[in-house]
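Report on the structure given below.
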Amino acid sequence: MAKTKTKFIFVTGGVVSSLGKGIAAASIGALLENRGLRVSIQKLDPYINVDPGTMSPIQHGEVFVTADGAETDLDLGHYERFLSIQTSKTNNFTTGKIYNSVIQKERRGEYLGSTVQVIPHITDEIKSCIMRAANDLDILIVEIGGTVGDIESLPFVEAIRQFGADVGTENVLYIHLTLIPYINASQELKSKPTQHSVQKLREYGIQPNILLCRTEHELPQDIKNKISLFCNVHTSSVFMAKDVSSIYEVPLALHHEGIDEKIIELLNMWTRKPDLKKWKNLVETIYSLEKSVTIALVGKYVNLVDSYKSLNEALRHAGYKNQCKVQMKYIDSEELEKDSVNMNDYFDGCAGILVPGGFGNRGIEGKIKAIQYARENNIPFFGICLGMQLAVIEFARHVANLPDANSNEFDSNTTTPVISLMSEQKAITNKGATMRLGHYPCVIEKDTFAYTAYGERKIDERHRHRYEFNSEYKDLLCKNGLVISGASPDNLLVEMVEIKNHPWFLGCQFHPEFQSTAMKAHPIFVDFIEASIKHAKHMDWIEKKTSIASQSQKTQTKTRKTKIV
Ligand code: GLN
């Protein structure tokens, strides 16, 4: 294997899924980066899909798009929000991608007559993918998706075991994240599931160096001692990861426990102490928010927060910037389609309306109704990707007098395709990784909401779409008052639309949520929330919320045990 100076931290999970491995890995990354180290994170996902691009957000959560156009796991969003890195294609590999590459090599005859097997060929491929992400780094953190013991994650677990032997055990660290459940009836924390999970890992030949124990309650020393004894991990390497109210407190909480100090000690590295002033300020801001506004999110994946992960975070970030808590009210667009529906019942108390990205027919007319409601009632409106396309359709139908306006995505035979398939998409039949993906430049017009937000004319944002604003309708729609506030530099693609005589109404073809961070909220989100706060004040909603927000804030401050140090 190629020589490298990079050290590796492998993060595995045990007991149950959804333990927050991504946040834990990102928080550890943030701490190490703040110690002055060059750090990156990679996610290895055991499912067979080549990437999550073809998976429903209901099953898999949001598809996070990297600047270089990879459709990846939503954990990469956490990595970018917690570290100062920009992830790329090499930061996420799946079983499907690994097998795809091995099978292509086999077809090219590169294995010279060998029988191609899981060990060594698949494991070698996994190891080379890890190595590819380790360029110019002090530390690469590798998060293994799934739970130890799953059949499908076995080749990854075996590969990271071999990896330790290949690069020298002094250069790798295995961190295992587990759950310590609390049994209410007996009022006890239970360490047994952790013992079993570590036993499984040791069966596969991996002795974890650090255990990170998720718990709702303080982990007493005697439980740590017990875990240490049964799992063969020193007590000083058994760490508590207690639930906190905001994910942005996790780096501080883990630092408070001493995990970053332990990591550099075990990896035999020397670094400065981390500078966590910015994180502390951020968390202080988050916990001191008193005002609150409610934003209606009109979509079809309404039951699962993970489906709109970056979007939820971007809205929260904009709230921090505006000193205001942002509450999301998820509205199922299909429900709005019923004739009998009273829109006021759904939107009362909502200071802004957001229609996010999406695909397919379901719930489309309900979203269009929500946009019309926002436009006609002067409620701040923000449409992202599909949300922008629907804003164009709504405008065409109800303002520009084109009642049959539609997108070819929902009606391939529409007589008025104001949104149509992009020309480069016409010959494409495969679904995976074939959209217009990744970052593209956009030029902004002055005197627009967009220009007020960005304060500059050239921006760069990430895309993921097949359909576009049909330029044949540009003149007609603009004559009726639609404003094209952003376009590709050659002026061929419409990237942003707005309407005049409205407090704030903007749609963009790209996904700005992917570039927002808690410390640097995205300018469009910031202005959308600012406009929503104004609307809420005008409607006298802020006051109503303030008392609720400050009440819950008081209880939160009282019950929050983890000190911000
Ligand atoms: N379905 C639309 C398209 O493919 C919008 C995509 C999206 O919202 N990401 O163009």
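Just so you know, ligand 1 is whichever comes first in the structure, and atom 1 is the first atom listed for that ligand. Owing to the predicted nature of the structure, the values given are computational and were not obtained by experimental measurement. All heavy atoms count here, side chains included; hydrogens, waters and symmetry mates do not.
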Near-ring test Phe528/His522, centroid separation under 6.0 angstrom: no
Protein heavy-atom partner closest to atom 2 (C) of ligand 1 - residue, atom, separation in Å: Glu409 OE1, 3.3 Å
Side chain, backbone, both or neither: Gln389 near ligand 1, heavy atoms under 4.0 Å: side chain
Atom 9 (N) of ligand 1 [closest protein heavy-atom partner, distance rounded to 0.1 Å]: Arg464 O, 2.8 Å
Ring geometry between Tyr440 and His463 (parallel below 30°, tilted from 30 to 60°, perpendicular above 60°): perpendicular
Per atom 5 (C) of ligand 1, closest listed option by heavy atom (Gly357, Gly387, Ser407, Gly358): Gly358
Nearest neighbour in protein (non-hydrogen) for atom 10 (O) of ligand 1: Tyr467 N, 2.8 Å
Salt bridge flag under 4.0 Å for residues Glu33 and Lys278: no
Residue and atom name of the nearest protein heavy atom (relative to atom 7 (C) of ligand 1), distance in Å to one decimal: Cys385 SG, 2.9 Å
Taking atom 3 (C) of ligand 1 as the reference point, the nearest protein heavy atom with its distance: Arg466 N, 3.4 Å
Centroid-centroid under 6.0 Å between Phe449 and Phe505 rings: no
Note: Arg464-Glu71 ion pair, threshold 4.0 Å (strictly below): yes
Heavy atom of Gln509, distance to ligand 1 below 4.0 Å: no
N-O pairing of Arg436 and Glu468 below 4.0 Å: no
Side-chain donor-acceptor contact under 3.5 Å, Tyr330 with Asn312: yes
Ligand 1 contact on Met435 by region, counting heavy-atom pairs under 4.0 Å: neither
Close N or O approach (His511, ligand 1; < 3.5 Å): yes
